[in-house]
Each structure stands twice: as structure tokens, then as C-alpha cells.
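Contents: one structure, followed by commentary.
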Amino acid sequence: MQFEVVIGLEVHAQLNTKTKIFCSCPTSFGHEPNTNVCSVCLGLPGALPVLNKETVKKSIAFGTAINAKVNKKSIFNRKNYFYPDLPKGYQISQFEIPIVEGGEIYIDFEDGSKKRIGVTRAHLEEDAGKNIHHGSVSYVDLNRAGTPLLEIVSEPDMRSSEEAVLYLKKLHAILRYLDISDANMQEGSFRCDANVSIRPKGETKLYTRAEIKNLNSFKFIQKAIDYEVERQSNAWEDGVYERDVVQETRLYDTEKNETRSMRGKEDSAEYRYFPDPDLLPVVIPDDMMSECTKIPELPDQKRDRFVSEHGIKEYDANVITSSVEMARFYEAMISAGAGAKMSVTWLTVELQGRLVNGTNIVTSPVDAIKLASLVKRIEDGTISGKAGKDVLDYLMQNSIDVDEAIEKLGLKQVSDDGAICAIIDEVIGAHGNKVVEYNAGKVQLFGFFVGQVMKQSKGSANPNKVNDLLKQKLDS
Amino acid sequence: MITLKEALKLPKEEISNLRADLKRVIQEKKNIGAYVEQLTCKPISEYGEGIPVAIKDNIQVTGWEVTSGSNILQGYIAPYNATVIDNILKNGLAPFGRTNMDEFAMGSSTESSFYGKTLNPHNLKCVPGGSSGGSAAAVAGGMAIAALGSDTGGSIRQPAAFCGCVGMKPTYGKVSRYGLGAYSSSLDQIGPITQNVEDAAILYDIIAGHECRDSTSANIVHVKVGESLNPDRKMTIAVIENYLEDASLEVKAKMIDAIKVLEKEGHKIIYRNFINSKYDIATYYVIATAEASANLSRYDGVRYGNRAPSDNLKEMFRKSRSDGFGEEVKRRILLGTFVLSSGYYDAYYIKAQKARHFIKAQYEEIFKEAELIFMPVTPTTAFEFGSKSDPLEMYLSDIYTISLNLAGLPGISVPIGKDSKGLPIGGQLISKAYAEQDLFDGAMSLERALR
């Protein structure tokens, strides 16, 4: 049987506000347990929540970016459940009326085609704390409790794990471009749950979905979905679909590469949502709305602009704009006067290839200005492309100016006509018989002469000059 | 007992004498059990050195054990002051003693307190009312100059009526709830319980005002009412005729006397009717318990308060809460949990919200013709301990008080006489939202005329 895969994703993105969503505690990461807490986020008797306006502003920007409806009036609800990391015994979240509804995100395939993925809603809520288990004792750290989250729920529009990852990467890029979330998967500021189901190809109804949690890298998301699809397909083929595929939460085990049932179907949650009487409905004033709908250029717009203004290939533009850091790096290179095509190659191939052992585009020892200087030296013929690679190697290890590095490595090209002509004369003199053959019509010998000249100059001669001058000499 | 108005004129040394005298009286009248300290044989809780004000055990005072009358909060020390506490401290007053209350303010007799009974100073066999029974008994028993209480469905006005003092519930949002242990967030308000109307106005002026830490606090400048009290104003007062019929004969008789007095004072009396108060009761017990079921979830034994020894997480939650909460609190949590459950939410919670709007509209209709509404506070005078074993019967003692909370309106309970057994009877005045000046002017006129 041919199956179609149906995937919907829920992403919890921590908003990068300075303070928590309902109190003034800092949201900073990695402090001593229970130090960034107060009466409100500890859920002490009598403490009341007050909404942090910044979270609303960031939500408006997000809604604008995904072409969604931003609700002028939205409501906070209480979602009731007991857990030690949930201080009040309820989470303040949005339910019937979220702040953002009905958006879209476009994903781009390598072949240049695109697909629209619907975004059902995005709502504001508070994060819980963390439970830490040491043997038989469990501890609760509430530093994270009350950190603002934007929960972004997609339509079940993805048909493969590849599409799911493309969607997540685009969503990640949008959050970073807007600078509304650090979206760091390792630190947990970008968390994803995947709803996965299958159906016989051609059918339109939705079958039972499993919700997979604990997905903390793009690679694992893809693997977990692939595993789950296979599990469900096998169950179907084996005639045990009804028994084995139930609506449930499954946890992905990264070591064993499998998903496991977390809790049974009978535990279907009863959250008893109702409007939080401690908070008024969120009504966005007109001036805030118009201020926050002015958003920076997004990846798709940037890509289109790079293609039309810089004349680079769409594929390259997609690579460059896939992260805001890369796009900023590229733009800084262009501003510093480097050419577009060369910048693309030197950024995406040469520099990227040298970023190893945890260094990345932001922590790179060679910044955009330096890489642009290097590119300009290649473009103005000071060094050859090949020598440029050596210079870049050297720059990765040594904190030194580009021109100094060229000087130090002795890679400056000889572009002086007189010096090159002298070498050419020497080479022609030494290979008189080859010159005769060349003049007799064996034009492929031209490469041999170029090689000899380059060899004599120990590679420092400007190859373009060598070509031009050699041609003049031989053909005269 | 010296009034609050008089106390505010005292020099500093005399205030410390006053505090010492009060401590002696509190010790002497220990049997009343108005203060938690009287019931637990501990020295009276103090903070600062100002004019002493008794504080209900659900209002946070830094360094005090604040327990909402519950076992589950035994040993919990509040680390911060409620807004009202900061406000009284700024005005030369100081929190002085924790008054007894129904557990988590759920009750009408103060019998559900973990600490035991508070007696009605007018008749020791009778309840003081509730849930702010300790605050009312302390004022009525000469053990406090004034007190703060909280009112969710009548918890200030009803005990004030039972104990023969003045109790006032402000407009929802006029007094910050920041630091008030929540029962039902959309209904709770802190208010004064005092010896007379003027003191109530003075204390109300001190605690009222906008608080940015409370999102439901009204963002308007507070205009003091105490400085411009005018008992000579003539107003139109609507009497709710069908409510008179539901009251006991003695309550009804005193109400009719009071109406005559008001008329003689030059007020215009008109008669109107309300829908049967059984709808108020139903609406209130759906909304209040729904909110309470979530508000009380934080008492889980994880971070503070009582934690029952247990082997696993589920058992810890279950046992801590089963052991920590009393019967009435558990009943209301169960009821609230039920009305919010899927499949029942629309039939109960949503319907109750609609009824709430209807009740509010009913008040607005009457306020088109009248500045004030006059009705009894309670259908009967204080009842004897243990006489209301059926919780539903107990809920009926709130029939005249809860609609006000549902509508968010201000109201005041003023003594209008006593029954044949010498138990006080209260009359209730209600004004439009934020029209506390009308409320106090009318209450002062009534009080003066009856004196």
C-alpha cells in the first residue's frame, strides 16, 4: 500500500524579552537554581500577574511576518494541571482567542519549487520551571517559570520529514530575522513537537496522530518522524494499526532512534481552560499595532532582492539568507566593497568550510570586513584565488590584517609587465623547439608555456597577465 | 473604644499606650477567638508602630504567618506586604493581629477555620458571621479600633451585620487585591470593618487607589470621600420590595422602620423588584467555585505550606491537599472542577457568565432612577453554632449580598437595630460603581437618623 504522510508541528519559541511574561524577573539563562524568582513566578498567595507588553509587540511582529491576522483583542486562559514545575497549578496560556491566527510560511526546495505551509495560530503563554532528578530525590528550579513563550501551531500540511525540517528552518530564520527569539534548540528556546499520521494515498481524511516530543535538533526531528512513519506503516501492513496506533504522546529516544509511548490514551488531558480573571483581555492599541507591524526584511524578501540586485543565483541566495547571521555577514561584505559572486563563494564555501570545532559565522576569527578585504585583493589581482585560500587558512589561525598576511606569506602576485616579460623571454629562449612547434600550429602548447612561466615565478605571477603577455610574444 | 478618626489625632506616645491597652483587652477576651492569636495562645502579630488595625488572615504582611485560616498554610511566612498594608503603613496605621476567618474565605459563619470558632460578642452561642467573622467580632467586641476584611459574596457585610458594626465592600477594582490570598479573583475585594460609617470612609480612603501590580485595579485617581461626607444630601433610594418578603419578620420590621427614617430624612423612596435571588446563588456558586478551583491549585505542598509524607508525586499532591484542606474548601474545589469540565463548561460556566451580565443589567436599570438601593444584609440575625448543618442552607445566608459582587458594585452594611434576642440587624446600601461618595453620604444619613 502507498501511504501519504501527514505532519503538523507545534513549536514553542521563547521570546527574547529581558523580563518574564507576568513579572519583572530576568529571563537570563544559566543562573543558580531559584535565583530569578519572585512572589509572582513562585505562585505565592496573593501574587498577581501583570502582562509584559514586549511579548505582545513581538507577537505582532511575528503575525505580520507570516501574513497572519493579529487579533486586536485576545484572551488569557488558565490551563489547569498539577506538576511540581508549575507553581500555580495552572499555566496562563491563550485558548479560544490567540493573539495570532491564520498565517503562512513558504518552504523552498532545492529544485527551486516552493510550498505553502499554513500556520493555524500562535499564542502567548508562560513557560514552566524544570524538574531535576538526582537518584530518589527530585528538585525544582523555577528560574525558567514565567519565561514568555510563543506557541506556533502549523496546519497538518507537511508530507515528509524533509518538508517538516524545511518548515522548521524557515520558521527559525523568521524568528531570528525579527529578533524576537534566540531560537536556540540546545538551550531549549526553540522546542518542537511533531504530530505524525499516515493515510492511504488518495484519501483526504486524517487518521490517528501520534505526538512526538523531545525533539531537540533538526537531525533528530527528521529521524524521529521517519521512525514514526515506518512504525505506523508497518502496523498498517501487519494489520495491527487499530491496536498500535493510538492518539498519544510519544517520546523520541535519540540513542535508540525510536519513539516510545509516554502515557496511555486513557490519560487524555482535561485542562479545564477558562479565562484568567486576574488578567484583562489583551487589547492592542492602534499605535502599538502600527509600530509593531513595521518589521525588518525577512529571508524570502532578502533572497529575492539579492537575486535581482546582486545577480546571484536563487540557490545561492537561499543559502545566504537561510540564517540572519549569514545574511548579515554577506551584506557587510558587499557594503565593504566585495563583489557579490565572489562573496558568495568565499563565504559559503571557503569560510564555512573552515568553521569547525564549534566556531560559527558569529564567532568566526575572520569577520565580514576581513573576508571582504581578502576578496578585494583577489579581485584587484594582488593575489591569485589559489593564494587566497592560503591567506584565509593563515587568517583563521592568526589575528592579523589581510595585507600583512599576504606580505608575510609572500603571496603577492607579480603583475609588473617588465618582470613577467623577463621570465617569458627566459622560457621562450630555453624551449626554442617548442616555439617552432607552436608556430607550426600546435597551439595546445600554449598551456605548457603558461605552466613554465608560473613555475619560474614560483606561482607569484598574475596568471591573467601571463596569458596576455605570452600571447603577445608568441603571436608576434 | 476610641474611634479611628480620634486615634488618628493621637500623639505618638498615646498610640503605644493604646497598643498596650489593646493587647490587654485581647488577652482578657480570649474566649471570643476573634484573633488567630487568641485561639493559638500566641502573642499578637505586629508590624510597625502605628495605630493598630486588625488584619484578616488572608492579607499578606511581611514576616507574619498568613494562612487564610487553613491547615495547608501552617507555617507559611509571607515575604511581602499586600498593597493595602503598604497603604495603611503610609498613613500612620499598622497591621495588628490576624483575625480569624472561614478557611480561604469560604463560609458564612467562620466555623470552617482551621483554628476553631470565633464567638459573636453579642451572644456567645451565636456565630459572628463570615468569612471575615474574626474582623467583625474584634471590632464589635472592643478588641480593635478597625479591621480589614475581604468580601467575595458578602464576607465583610454579613459578619458586620451579625456583629452590629459597619462593613463596606468597595467597587471591584477600587482596592488592590495584590497580596490578598485569592478565593474568587473576579469577585474578591478588601474593605473596612469599623465602629461607624465615618471610620469606614476614612479607612476606605486609605486603602483605595490604583495599583500597577494588579491588572484588575481601576486606573483612575482616587478622590477621597471621607473629607466631603455629607449626610444632608437628599437622594432617591430604591427599596427591593420582594427581598423584604424573603427576610425574617424581625429583619423585615426593622427594615421598614429604617425606610421610614430615611423618608423622614428627606430621601425619596421608590420600590422595585429583583429576580428571585436563587439565580444569584446559582450564578455565584458556579463562578466563585470555578475560579477557586484554580486559585487553590497552588497549595500543592511543593514550595510552601504543609506537605504530606508520601512515596510518589501523585500521592504527595493527593495527600497534601486531602489533609490540608477542610471539608467546605474541598466541596467548593470539587464543584468548581466539575463546572469547568469539558461537557459541562457551557452548561454551567458560560451560562453563569450570561446570568452575571443579566444581574448587572438589572442593577443598572434601577440606577437609572435612583442613586442608592436599600435592602437587608441577611435574611436572619446571627444563628447558633452548628445550626446549619446543610451547606445549601448556609449558602442561603448570602442571598442579599452576593449579587453585588457579581455586579462589581460597592455596598455598605449599617446597623439598623436589634432583634428580640438582642442580636444586631444590618441594612445594606448599594451605589453605582465608583460612586462611593453617594454610598457613604447615604450611610451616614441613615446612621445619624437612627442614633
Side-chain angles (χ1 to χ4, degrees), chain A residues 21-24 34 37-53 76-92 95-96 128-129 131 133 136-142 145 267-283, chain B residues 58-60 66-68 70 73 76 78-83 104 176-182 184-188 211-217 287 290-291 293-305 313-314 316-318 321 336-345 349-350 353:
Chain A
I21 183 166
F22 296 122
C23 63
S24 52
N34 299 312
V37 291
C38 70
S39 53
V40 176
C41 56
L42 285 175
L44 298 188
L48 295 171
V50 177
L51 179 63
N52 178 348
K53 280 195 184 73
F76 279 105
N77 293 72
R78 293 182 179 180
K79 179 180 178 180
N80 295 285
Y81 65 96
F82 287 103
Y83 210 59
D85 66 9
L86 188 71
K88 297 185 295 298
Y90 57 84
Q91 180 193 31
I92 304 177
F95 188 55
E96 299 112 309
N131 294 335
H133 307 285
S136 62
V137 185
S138 294
Y139 299 91
V140 183
D141 175 9
L142 295 173
D267 259 8
S268 78
E270 164 70 278
Y271 291 125
R272 303 189 310 279
Y273 285 99
F274 75 103
D276 190 334
D278 285 333
L279 290 161
L280 305 172
V282 185
V283 179
Chain B
N58 59 356
I59 299 173
Q60 314 298 307
V66 179
T67 69
S68 287
S70 180
L73 276 171
Y76 173 73
Y80 73 97
N81 279 337
T83 307
F104 286 106
S176 166
R177 294 184 295 115
Y178 189 79
L180 171 67
S184 177
S185 313
S186 74
L187 302 167
D188 296 342
E211 163 63 270
C212 57
R213 292 177 297 181
D214 174 357
S215 307
T216 61
S217 164
I287 291 172
E291 293 181 5
S293 72
N295 281 333
L296 271 59
S297 292
R298 66 187 61 198
Y299 307 112
D300 57 5
V302 174
R303 298 166 315 287
Y304 51 79
L313 184 61
K314 228 176 188 172
M316 182 180 100
F317 285 144
R318 193 179 54 75
R321 290 170 64 79
T337 304
F338 170 72
V339 300
L340 290 175
S341 300
S342 63
Y344 299 99
Y345 182 79
Y349 187 79
I350 296 292
Q353 293 297 349

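Proteins get letters first, then strands, A, B, ... in listed order; numbering begins at 1 in each. Here the structure is a predicted model, which means the values were calculated and not measured.
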- Option in D278(A), V140(A), L279(A), L86(A) with maximal non-hydrogen atom pairs under 4.5 Å from chain B: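 It is D278(A).
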- Task: May I ask you to name which of S138(A), P87(A), G89(A) has the most heavy-atom pairs under 4.5 Å with chain B?
- Result: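 Winner by heavy-atom pair count: P87(A).
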In terms of heavy-atom pairs under 4.5 Å, which option from [options] contacts chain A the most?
options	result
D188(B), N58(B), L296(B), L313(B)	L313(B)
Q353(B), R303(B), R177(B)	R303(B)
D214(B), D300(B), V66(B), V339(B)	D214(B)
S186(B), S341(B), G305(B), A82(B)	S341(B)

- Decide yes or no on side-chain contact (heavy atoms from CB on, under 4.5 Å) for F76(A) and S215(B), but give the supporting numbers first. CA-CA 12 Å; F76(A) 279 105; S215(B) 307; over 6 Å; no
- Note on the structure: Sequence neighbours excluded, the answer for ring-ring contact (aromatic ring centres under 6.0 Å, His included) partners of Y90(A) is none
Let me know if [X] has heavy atoms under 4.5 Å from chain A in its side chain, its backbone, both or neither.
X	answer
T337(B)	both
Y344(B)	neither
Q60(B)	side chain
R321(B)	side chain
A294(B)	both
A78(B)	neither

Within the structure provided, determine whether [X] and [Y] are in side-chain contact (heavy-atom separation under 4.5 Å).
X	Y	value
E270(A)	S342(B)	yes
P45(A)	F104(B)	no
Y345(B)	R272(A)	no
L340(B)	Y273(A)	no

- For S39(A) and Y178(B), which heavy atoms make the closest approach, and how far apart are they? OG-OH, 3.3 Å
- Counting only heavy atoms closer than 4.5 Å, note whether N80(A) contacts chain B via side chain, backbone, both or neither. side chain
- Task: Mark yes when over 12 heavy atoms from residues, nucleotides or ligands other than F82(A) sit less than 6.0 Å from its CZ; otherwise mark no.
- Result: yes
- Query: Judged by atom type as modelled, is there a donor-acceptor pair below 3.5 Å linking the side chain of R298(B) to the main-chain atoms of L44(A)?
  - Reply: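 Yes; judged by distance alone, with no hydrogens or angles, the pair exists.
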- Query: Okay, side chain of Y80(B), backbone of C38(A): is any donor-acceptor separation there less than 3.5 Å?
  - Reply: no
- Distance in Å, I350(B) CD1 paired with F274(A) CZ, rounded so as to fall on 0.5 Å steps: 11.5 Å
- Hey, what do you get for CG (L48(A)) to OG (S185(B)), rounding to the nearest 0.5 Å? 7.5 Å
